[in-house]
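Read through the structure below, which is laid out as structure tokens, and then see the notes.
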Amino acid sequence: MLGQGSRGEAGSQPCRARVTSWCWCWGLGSSCPMASVTQHHIQKGQNCFLLLYATSPEDSGEEQSSRLFQFHKDGFLVLEQFFSAEECDSMRSQIQRIVAGMEVPPHCRTAFSTREEEQLQAQGSSDYFLTSGDKIRFFFEKGVLDEKGNFLIPKEKSISKIGHALHAYDPVFKQITHSPKVQELGRKLGLEKPVVVQSMYIFKQPGIGGEVTPHQDATFLHTEPLGRILGFWIALEDATQENGCLWFIPGSHTNGITRRMVRAASGASTCVEFVGSEPAYDDKQFIPLPISKGGLILIHGEVVHKSELNSSESSRHAFTFHVMEAKGTTWSKENWLQPTPELPFPSLYT
Ligand SMILES: O=C(O)CCC(=O)C(=O)O
Ligand SMILES: [Fe+2]
């Protein structure tokens, strides 16, 4: 079984060694005995995973090692059938119950978007968004509300996402987030003190589910140093190119971030603002990652990813949560999302 335990010696000739074990390297630089191997063999970035080379063949776990190698290389990893159909259905049923009981005052009905201008207009000016980190709140697609916040289409078809604390306050999502297999994966990833910072249920409604423009999650969830954020994205239905699966730029997680969303100074007209800008990526750099219901995609906090408008007739529901390795990490006080006395970021390992 692959684990963190078998710390083999760092060979000076890593290419000849067999990669059988690994841990998360937090960019410890020269104090890390494996740093030279990492830099030589994996990537040049400061924040990267560190492969360890096992000394004994019994430790193998080659398949998992090669998957992890792929994760380090690409910045994302697909784990098919991580959750069962029943687990996916239980999340879907639970969200139906939550939506049935939804009450959102008209003035709180804001559209969710990752387009910068819209974000500043809608989320950025909205306290409803800014204080949603420790709540279960509802965000809507563009064009589904009139000026007074009345629904133009049935409300259950108008929701874009629910966030940002299902993992803490809803029993079904809490159980999934902290499920033994997620915890085991965290341990295999070498996470020592992982905390859950946010969660979202994303609907990608048929016909109107909006695009999520290219971004890096660390733009919104900034840490010092970088490299401490990991997204868990769970397909609750088959995600295809037609209904808006995720797309990634492989290897784009190694060059830091280009943009940050920060809390604006008090008195500003919006609650958040952007510092820096997202480069214009070439569409050809992205690869689609279709995945079946129950699949899990691990998303490195700095990998560039997006999803397109869902113009199909099938929805594309997903549950996603983000974890931070809290050991030796500072959460930015400028992030829109802040831990609160009611909800300090909970440990993944509970
Ligand atoms: O589900 C999507 O379309 C986008 C999700 C995403 O960007 C994320 O979970 O980090
Ligand atoms: Fe994202």
Side-chain angles (χ1 to χ4, degrees), residues 71 74-79 82-83 88 91-92 95 111-116 118-119 123 139-142 159-167 173 176-177 182 196-223 226 228-249 252-253 257-261 274 278 281 286-293 295-312 314-324 335-337:
F71 179 70
D74 292 336
F76 57 83
L77 185 69
V78 177
L79 298 169
F82 193 85
F83 290 96
C88 295
M91 287 187 261
R92 295 197 56 187
I95 218 72
F112 173 72
S113 174
T114 56
R115 276 199 185 284
E116 212 165 279
E118 288 164 8
Q119 235 160 19
Q123 287 163 230
F139 299 89
F140 301 94
E141 290 293 350
K142 251 188 325 186
I159 306 174
S160 158
K161 68 165 201 171
I162 299 179
H164 288 93
L166 283 163
H167 64 281
F173 292 97
I176 291 287
T177 305
V182 169
V196 186
V197 298
Q198 69 164 22
S199 56
M200 294 184 275
Y201 190 101
I202 303 175
F203 290 80
K204 221 33 156 184
Q205 303 276 4
I208 57 167
E211 69 172 326
V212 174
T213 55
H215 67 279
Q216 299 170 292
D217 293 339
T219 288
F220 306 96
L221 309 172
H222 192 264
T223 59
L226 287 170
R228 308 296 172 96
I229 294 290
L230 182 63
F232 291 70
W233 189 98
I234 305 159
L236 303 184
E237 324 182 75
D238 294 351
T240 63
Q241 282 195 54
E242 288 68 44
N243 69 1
C245 69
L246 296 179
W247 293 67
F248 287 83
I249 302 184
S252 55
H253 59 302
I257 55 167
T258 58
R259 184 172 70 126
R260 282 189 60 186
M261 187 171 94
F274 285 93
E278 205 65 43
Y281 301 104
F286 287 90
I287 61 157
L289 242 58
I291 185 165
S292 305
K293 174 175 175 174
L296 169 68
I297 301 182
L298 288 179
I299 306 177
H300 186 287
E302 278 108 77
V303 75
V304 179
H305 57 290
K306 66 169 185 174
S307 66
E308 295 186 344
L309 170 76
N310 180 6
S311 47
S312 81
S314 331
S315 56
R316 193 231 62 187
H317 288 198
F319 175 57
T320 171
F321 60 90
H322 285 83
V323 162
M324 168 178 72
N335 284 340
W336 76 268
L337 173 69

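Computed from heavy atoms alone, side chains included, the values below leave out hydrogens, waters and symmetry copies. Just so you know, ligand 1 is whichever comes first in the structure, and atom 1 is the first atom listed for that ligand.
- Looking only at protein heavy atoms, the nearest one to atom 4 (C) of ligand 1 is Leu246 CD2, 3.7 Å.
- Taking the six-membered ring for Trp, His317 and Phe203 have ring centres closer than 6.0 Å.
- No option in His322, Arg259, Arg260 other than Arg259 meets the side chain to side chain contact (heavy atoms under 4.5 Å, CB included) test with Phe220.
- Among all protein heavy atoms, the one lying closest to atom 6 (C) of ligand 1 is His305 NE2, 3.8 Å.
- Shown in contact with His322 at under 4.0 Å from a heavy atom are these atoms of ligand 1, numbered in order with element: 9 (O), 10 (O).
- The number of protein N, O or S atoms lying under 2.8 Å from the Fe ion (ligand 2) is 3.
- Residues Met324 and Thr223 have side chains in contact (heavy-atom distance under 4.5 Å, counting atoms from C-beta outward).
- Two rings, from Phe286 and Phe248, have their centers 6.0 Å or more apart.
- At a cut-off of 3.5 Å, with distance as the only test, a side-chain donor of His167 or Ser199 sits close to an acceptor on the other residue.
- Checked options Arg92, Lys204, Lys293, Arg316; the residue passing with Glu237 is Arg92 (criterion: salt bridge (Lys or Arg N to Asp or Glu O under 4.0 Å)).
- Listed by number with element, the atoms of ligand 1 under 4.0 angstrom from any heavy atom of Arg316 are 1 (O), 2 (C), 3 (O).
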Worked check of side-chain contact (heavy atoms from CB on, under 4.5 Å) between Phe139 and Ile202: CA-CA 10 Å; Phe139 299 89; Ile202 303 175; over 6 Å; no
Please lay out, stage by stage, how Phe232 and Thr320 fare under the test side-chain contact (heavy atoms from CB on, under 4.5 Å). CA-CA 5 Å; Phe232 291 70; Thr320 171; 5.9 Å; no
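- Heavy-atom contacts of Asp217 reach the following atoms of ligand 1: 10 (O) (cutoff under 4.0 Å).
- Judged by a 6.0 Å distance limit and a 45° cone about the ring axis, Lys161 is not positioned over the six-membered ring of Tyr201.
- Listed by number with element, the atoms of ligand 1 under 4.0 angstrom from any heavy atom of Thr320 are 9 (O).
- When non-hydrogen atoms are compared, ligand 1 lies under 4.0 Å from the side chain of Ser307 (C-beta onward) but not from its backbone.
- The contact set between ligand 1 and His215, taken as ligand atoms under 4.0 Å from a residue heavy atom, comprises 7 (O).
- Interface of Ile202 with ligand 1, defined as ligand atoms under 4.0 Å from a residue heavy atom, comprises 1 (O), 5 (C).
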